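Just below is one structure, and these are the notes that go with it.
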Amino acid sequence: MLRGLTILLVFHLAGEVCARSLGLTIPGPVIGMASLAACLLAVNRAVGRPSGDLENSGLGRVAPAVLGSLGLLFVPAGVGIVQHLPLLVDRGPALFAVLVCSTVVTLVATVIAYVGADRLVRRRRSDAA
Amino acid sequence: MSALTALSAAGDPMQPDFSLWVYLAGSPLLWLTLTLVVWIGSDALAQASGRHPLANPVLFSIASIAGLLAWTRTPYATYFEGAQFIHFMLGPATVALAVPLVQHAATVRANLIPMAVALVVGCLVAIGSAVGFGLLFGLPEPVLVALAPKSVTAGVAMALASTFGGDPALAAVLVITTGIIGAVTVTPLMTLMGIRNFAARGFAAGLASHGIGTARAYAVDPVAGLFAGTAMCLNAVLTSVVMAFLYG
């Protein structure tokens, strides 16, 4: 557990250092996530471990524990909305309408793109075969 | 002299209670513990409802604590002194998303082209439609910046919003509301469209409505859940890059 947590903090730290020293606007944790994924894939390849096989590592134990109550971690920042109550009262209905429209459009566009590309790949594969 | 102090203390029955409140209100212990207790209670309620998308424990916890702060007239800064220990874990938790992503690397590789196409289309439509509809409804610029990353997991969306001049708390609330809207609408919408490809349905749910949509996808179908989780991780990365280009 401790080792897994330390690995997460090391990559978080490295991500923040990288983002701030290079003046990147990509959040430090996102850089940390991408570099951890790249490192894990490289290590898996080097030791010949299947990529799904992480359950018994420290990281494989700590990640589900942290991600299992991910929602809790949003609460402190979310409570900050008390500082913006007038905005929510004024713009609440408009914000809600925007969210509904945009979310539905995104769902539809994504699923159509996926299904379309999937069909195209399969057709080309069956043509080649 | 001691009798006098005793007398004045006895004459003011509020004093012992008040000094206890002064201690608690100033120490991080109270609000840290309260946040955890409220979360565990909200999560148990959500569990009891069979994880109905509308019984979202994040939204319920935020509303309860916000009410409590208003009732006790506690400033947000005081609350955050305690709650910051929880808030801090958001960074390492975002890094931890790499683990399920790597665990599903074989699935990603096998479906690379449809995933890449859907990721790029979905990410651009999510940002574009949020800003577009926002302009249509006359929302001001700082609100639009908080609105743009609404489909991304809250930790990343908050970081993006604050980097580009939006408010992270507003971003968090918009992200959570988006998650709930996605989780409620995805199943009827996909059934209406006649989509039976559960990989595609899950990918759309995770891309448009992050962790809340992913939880919903897992409840519907395990394959959908796996694709939803992958879409959530990938969209967190791509949205960060796209917003850096648009606003940077």
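Heavy atoms only: backbone and side chains are in, while hydrogens, waters and symmetry mates are out. For clarity, every value in this text was computed on a predicted model and none was experimentally measured. Below, chain A is the first sequence line, B the second, and so on; all start at residue 1.
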Full working for side-chain contact (heavy atoms from CB on, under 4.5 Å) between L95(A) and V143(B): CA-CA 9 Å; L95(A) 279 171; V143(B) 176; 3.8 Å; yes
side-chain contact (heavy atoms from CB on, under 4.5 Å) between V95(B) and I7(A), intermediate numbers included: CA-CA 9 Å; V95(B) 177; I7(A) 295 174; over 6 Å; no
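- The residue from L36(A), N44(A), V43(A), L59(A) that alone fulfils the side chain to side chain contact (heavy atoms under 4.5 Å, CB included) condition with V102(B) is N44(A).
- Put simply, of A116(B), G138(B), A169(B), the one with the most heavy-atom pairs under 4.5 Å next to chain A is A169(B).
- Contacts of L24(A) with chain B are absent, with no heavy-atom separation under 4.5 Å from either backbone or side chain.
- Taking CG from L99(A) and CD1 from I181(B), the interatomic distance works out to 5.0 Å, rounded to the nearest 0.5 Å.
- Side chains of F203(B) and V111(A) form no contact here, defined as non-hydrogen atoms less than 4.5 Å apart.
- Interface remark: D167(B) contributes side-chain atoms only to the contact with chain A (heavy atom separation under 4.5 Å).
- Between chain A and the options G91(B), A66(B), A172(B), A83(B), the largest number of non-hydrogen pairs under 4.5 Å is found for G91(B).
- Per-residue heavy-atom pair counts under 4.5 Å with chain B were compared for V108(A), L9(A), L13(A), I31(A), and the maximum is reached by V108(A).
- Ranked by heavy-atom pairs under 4.5 Å with chain B, the list A34(A), P27(A), A94(A) is led by P27(A).
- Contact check for V121(A) versus P114(B): side-chain heavy atoms found under the 4.5 Å cut-off.
- Contact record, I65(B) with V75(A): CD1-CG1, 3.8 Å, taken as the closest heavy-atom pair.
- Chosen from Y247(B), W31(B), Y76(B), the residue pairing most often with chain A at heavy-atom distances under 4.5 Å is Y76(B).
- Counting heavy atoms from C-beta on, the side chains of T110(A) and V121(B) never come closer than 4.5 Å.
- For the set L147(B), I62(B), N111(B), I195(B), the count of heavy-atom pairs under 4.5 angstrom toward chain A peaks at I62(B).
- Proximity to chain A is limited to the side chain of P100(B), based on heavy atoms less than 4.5 angstrom apart.
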Verdict with reasoning, W39(B) to S69(A), per side-chain contact (heavy atoms from CB on, under 4.5 Å): CA-CA 9 Å; W39(B) 168 260; S69(A) 39; 4.3 Å; yes
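- Counting heavy-atom pairs under 4.5 Å between each of V104(A), V98(A), V62(A) and chain B puts V98(A) at the top.
- With a 4.5 Å cut-off on side-chain heavy atoms, L72(A) and L36(B) count as touching.
- With chain B as the partner, the residue from E16(A), H84(A), R119(A) showing the most heavy-atom pairs under 4.5 Å is H84(A).
- Proximity to chain A (any heavy atom under 4.5 Å) is restricted, for T163(B), to the side chain, taken from C-beta onward.
- When all heavy atoms are compared, the tightest approach of V237(B) to V30(A) is CA-CG1, 3.9 Å.
- At least one side-chain heavy atom of L107(A) sits less than 4.5 Å from a side-chain heavy atom of M190(B).
- Put simply, NE2 on H12(A) and CG on L90(B) are 8.5 Å apart, with the number rounded to the nearest 0.5 Å.
- Within the 4.5 angstrom heavy-atom criterion, only side-chain atoms of L189(B), from C-beta onward, approach chain A.
- The shortest heavy-atom contact between S129(B) and S102(A) is OG-OG, 2.7 Å.
- Other residues, nucleotides and ligands contribute at most 12 non-hydrogen atoms within 6.0 Å of the CD1 atom of I113(B).
- The contact between L174(B) and chain A is made by backbone and side chain atoms together, counting heavy-atom distances below 4.5 Å.
- Only the side chain of L67(A) comes within less than 4.5 Å of a heavy atom in chain B; its backbone stays farther off.
- Side-chain atoms of F80(B) and V79(A), non-hydrogen and from C-beta on, never get closer than 4.5 Å to each other.
- Heavy-atom minimum distance, A200(B) versus V115(A): CB-CG2, 3.7 Å.
- The line from CG of D90(A) to CG of L139(B) is 11.0 Å long, rounded to the nearest 0.5 Å.
- Side-chain contact between T103(A) and K150(B) is present, with heavy atoms from C-beta onward closer than 4.5 Å.
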Working for side-chain contact (heavy atoms from CB on, under 4.5 Å), residues V175(B) and F74(A): CA-CA 10 Å; V175(B) 165; F74(A) 307 149; over 6 Å; no
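- If you take CZ on R91(A) and CG on L170(B), they are separated by 11.5 Å, rounding to the nearest 0.5 Å.
- I112(A) approaches M193(B) most closely through the heavy-atom pair CG1-CE, 3.8 Å.
- The aromatic rings of Y114(A) and F227(B) stand perpendicular to each other, their planes meeting at an angle above 60°, with 30° marking the opposite boundary.
- In terms of non-hydrogen atom pairs under 4.5 Å with chain A, the most contact-rich of T239(B), L59(B), V173(B), I176(B) is V173(B).
- Contact tally against chain B (heavy-atom pairs below 4.5 Å) for G32(A), A37(A), G71(A): the top residue is G71(A).
- With a threshold of 4.5 angstrom between heavy atoms, I86(B) approaches chain A through its backbone and through its side chain.
- Using a 4.5 Å cut-off between heavy atoms, P168(B) does not touch chain A at all.
- Only the side chain of L207(B) comes within contact range of chain A, with heavy atoms under 4.5 Å apart.
- Two residues are said to be in side-chain contact when any heavy atoms from C-beta on lie closer than 4.5 Å; L5(A) and M89(B) meet this criterion.
- Nearest heavy atom pair, residue L70(A) against residue A93(B), reads CD1-CB, 3.7 Å.
- Contacts with chain B were tallied for A117(A), P29(A), G116(A); P29(A) has the most, counting heavy-atom pairs under 4.5 Å.
- With a 4.5 Å cut-off on non-hydrogen atoms, L69(B) touches chain A through its side chain but not through its backbone.
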